[in-house]
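First the structure, in the form of structure tokens, and then the observations on it.
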Amino acid sequence: MSESRDYISYPDEMGTIHIADEVLAVVAASAALEVEGVSSLAANLQSDIAELMGKKVYSKGVRLLVANGQVMVEISILIQYGYVIPDVARKVQEVVMNAVTNTSGMEVSQVNVQVAGISFQKKAKEKHQ
């Protein structure tokens, strides 16, 4: 059974370059997870179904749309409790835009960040002697 993939294509002086959507989604996800205050990406229905089928999804919570040679990124994150939400979201926009642009050479028109929730870090239990 073959897997169908969507590709972002653009002409180059030596031919055409094709980049799988999944590649740029993984780049965006990795960049977002590097931002201090981001605890994880929020799953969506598509990634939940894929994980139920046993497939590892590295780009859950990321969606790419390409129009007129520009990439639009939609990313859904969970933020750690105690961080300022707008500050973390702006930083995610910045790092995702830079990562996708630097990796693909394509212009990123916008990065839309959805904060899907807050995560609370569990404190380690102290042992009583």
Side-chain angles (χ1 to χ4, degrees):
M1 176 167 37
S2 67
E3 210 175 289
S4 68
R5 290 188 170 198
D6 292 328
Y7 289 89
I8 298 170
S9 301
Y10 58 94
D12 185 64
E13 63 262 0
M14 297 168 68
T16 303
I17 297 173
H18 304 286
I19 304 171
D21 284 356
E22 182 72 12
V23 171
L24 293 182
V26 169
V27 168
S30 296
L33 289 170
E34 293 294 318
V35 174
E36 186 177 350
V38 174
S39 66
S40 67
L41 299 178
N44 56 27
L45 181 60
Q46 183 179 13
S47 64
D48 283 345
I49 292 171
E51 286 182 346
L52 285 174
M53 295 173 55
K55 183 179 177 185
K56 184 68 177 164
V57 179
Y58 295 102
S59 60
K60 70 178 182 181
V62 179
R63 193 171 127 203
L64 296 174
L65 302 170
V66 180
N68 301 324
Q70 294 185 332
V71 180
M72 182 181 80
V73 181
E74 294 179 355
I75 190 161
S76 185
I77 61 173
L78 297 176
I79 293 182
Q80 294 173 4
Y81 177 77
Y83 285 85
V84 179
I85 294 171
D87 293 346
V88 174
R90 276 190 214 100
K91 186 66 177 175
V92 168
Q93 287 177 314
E94 180 183 316
V95 300
V96 167
M97 182 175 282
N98 289 336
V100 172
T101 299
N102 293 338
T103 302
S104 69
M106 297 183 74
E107 183 180 341
V108 177
S109 61
Q110 54 186 284
V111 177
N112 298 318
V113 177
Q114 176 185 0
V115 178
I118 301 291
S119 66
F120 296 90
Q121 197 170 19
K122 294 180 181 177
K123 294 181 182 179
K125 293 182 180 178
E126 294 180 24
K127 291 185 177 181
H128 294 289
Q129 295 180 354

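- Hydrophobic clustering of Ile, Leu, Val, Met, Phe, Trp and Tyr side chains at less than 4.5 Å, counting indirect connections, unites Val100 with Ile17.
- To the nearest 0.5 Å, atom CG of residue Leu33 and atom CD1 of residue Ile77 are 9.5 Å apart.
- Without hydrogens or angle criteria, Ser119 side chain to Leu78 main chain gives no donor-acceptor distance under 3.5 Å.
- Between Val92 and Arg90 there is no side-chain heavy-atom pair separated by less than 4.5 Å.
- Side chains of Thr101 and Thr103 form no contact here, defined as non-hydrogen atoms less than 4.5 Å apart.
- Leu41 and Ala29 make their closest contact through CD1-CB, 3.3 Å (heavy atoms, listed as atom of the first residue, atom of the second, distance).
- Counting only residues at least two apart or in different chains, ring pair (Phe, Tyr, Trp, His ring centres under 6.0 Å) contacts with residues 70-100 comprise Tyr81-Phe120.
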- Message: Pair His18, Thr16 - check side-chain contact (heavy atoms from CB on, under 4.5 Å), show working.
- Response: CA-CA 7 Å; His18 304 286; Thr16 303; 3.6 Å; yes

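- One hydrophobic cluster holds both Val38 and Ile85 under the rule that ILVMFWY side chains link at heavy-atom gaps under 4.5 Å.
- The hydrophobic clustering, which links ILVMFWY residues whose side-chain heavy atoms are closer than 4.5 Å, places Ile118 and Val88 together.
- In this structure, the separation between CD on Glu107 and CG on Asn68 is 10.5 Å, given to the nearest 0.5 Å.
- Of the inter-residue distances, the one linking Lys91 atom NZ with Glu36 atom CD reads 10.0 Å to the nearest 0.5 angstrom.
- A heavy-atom distance below 4.5 Å is found between the side chains of Val73 and Val62.
- Considering CG of Leu64 and CE of Met106, their distance stands at 10.0 Å, rounded to 0.5 Å.
- In this structure, the side chains of Met97 and Val95 stay at 4.5 Å or more apart for every pair of heavy atoms.
- Heavy atoms only, all atoms of each residue included: Val113 and Ala89 are closest at CG2-O, 3.8 Å.
- Asn112 and Gln110 share a side-chain donor-acceptor pair at under 3.5 Å.
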